[in-house]
Amino acid sequence: QQQVKQSPQSLIVQKGGISIINCAYENTAFDYFPWYQQFPGKGPALLIAIRPDVSEKKEGRFTISFNKSAKQFSLHIMDSQPGDSATYFCAASGLAGNMLTFGGGTRLMVKP
Amino acid sequence: DTAVSQTPKYLVTQMGNDKSIKCEQNLGHDTMYWYKQDSKKFLKIMFSYNNKELIINETVPNRFSPKSPDKAHLNLHINSLELGDSAVYFCASSQLGRGGGKLFFGSGTQLSVL
């Protein structure tokens, strides 16, 4: 049972465009929603995270939008750059905090 | 200084062999993990140790045995390797008590079972 569903599986965006990746979760006990970025041959690295008490969090060109009632959250990458080409994972965890459940990943390619 | 280091980076072996992957973190974290990433990039937690004690053991064949000699190390031993074990294995660490602690991942061990 996949508790965090991520879409799309792959995404191609032109340089300067907006990349949008969506995630939906089922477990209402989840209270921490991070996004991880993974480059080929590397481990995932935390990009940005949000808790459900806010609806949006922005760090530079990266923004998380969070809709608690719909149990959905999304990552927006503004002014996408070729260097943003990577696999992005959404994730969620509950109060215990020790078990992140990952979405299936989105391979983003930003074309120059 | 690498925060979470795992060795080896690549591991190619025959079916039926036994192999180990080592992991060390120098972040002072109290919790360490093993994740498996399959060919479709799906990340799934295998084990979690907090202060050397096993706290998460997902549905993983008992051929996989984690060992934590101290809270800075978490090794993974795999007996009787099978073709389906081929994947990238990631070690990670975090500091609990912060509600969904930030995970720091190692760079992975690509295991190929022939």
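Hydrogens, waters and symmetry mates play no part in the numbers below; they use all other heavy atoms, side chains included. Chain letters run A, B, ... following the sequence lines, proteins first and then strands; every chain starts at 1. Because the structure is a prediction, the values reported are computed rather than measured.
Looking at A:Leu100 and B:Tyr35, their side chains come closer than 4.5 Å, going by heavy atoms from C-beta outward. Contact check for A:Lys42 versus B:Phe90: no side-chain heavy atoms found under the 4.5 Å cut-off. In this structure, A:Gln9 and B:Lys40 have side chains that are not in contact, with every pair of non-hydrogen atoms separated by 4.5 Å or more.
The environment of A:Phe39 atom CZ is dense: over 12 non-hydrogen atoms of other residues, nucleotides or ligands sit within 6.0 angstrom. For A:Glu59, the CD atom is densely surrounded, since the number of other residues' heavy atoms within 6.0 Å is greater than 12. Other residues, nucleotides and ligands place no more than 12 heavy atoms under 6.0 Å from the NZ atom of A:Lys111.
Interface with chain A: from residues 105-114 of chain B, residues B:Phe105, B:Gly106, B:Ser107 qualify, criterion being any non-hydrogen pair under 4.5 Å.
Judged as a ring pair (Phe, Tyr, Trp, His ring centres under 6.0 Å), the pairs with a partner in residues 43-72 of chain A (not counting sequence neighbours) are, in order, A:Phe33-A:Phe66.
Here the side chain of B:Lys44 pairs no donor or acceptor atom with the backbone of A:Phe102 at under 3.5 angstrom. Within the 3.5 Å criterion, the main-chain N or O of B:Leu103 finds a donor-acceptor partner in the side chain of A:Tyr36.
Across A:Phe89 and B:Gln37, no two heavy atoms sit closer than the pair CZ-NE2, 3.3 Å.
A:Ile20 is not connected to A:Phe73 by any chain of hydrophobic side-chain contacts under 4.5 Å among Ile, Leu, Val, Met, Phe, Trp and Tyr, and they are in different clusters. Cluster annotation: B:Tyr49 and B:Tyr89 are assigned to the same hydrophobic cluster (Ile/Leu/Val/Met/Phe/Trp/Tyr, side-chain heavy-atom contacts under 4.5 Å, transitive). Both B:Leu43 and A:Leu46 are part of a single hydrophobic cluster, where members link through side-chain heavy atoms under 4.5 Å apart. Each of B:Phe47 and B:Ile45 belongs to its own hydrophobic cluster when Ile, Leu, Val, Met, Phe, Trp and Tyr are linked at side-chain heavy-atom distances under 4.5 angstrom. B:Val4 and B:Ile21 are assigned to two separate hydrophobic clusters, defined by single-linkage of ILVMFWY side chains at heavy-atom distances under 4.5 Å.
Using a 4.5 Å cut-off between heavy atoms, A:Pro44 touches chain B through backbone and side chain atoms alike.
The OG1 atom of A:Thr87 sits 5.0 Å away from atom NZ of B:Lys41, with the distance rounded to the nearest 0.5 Å.
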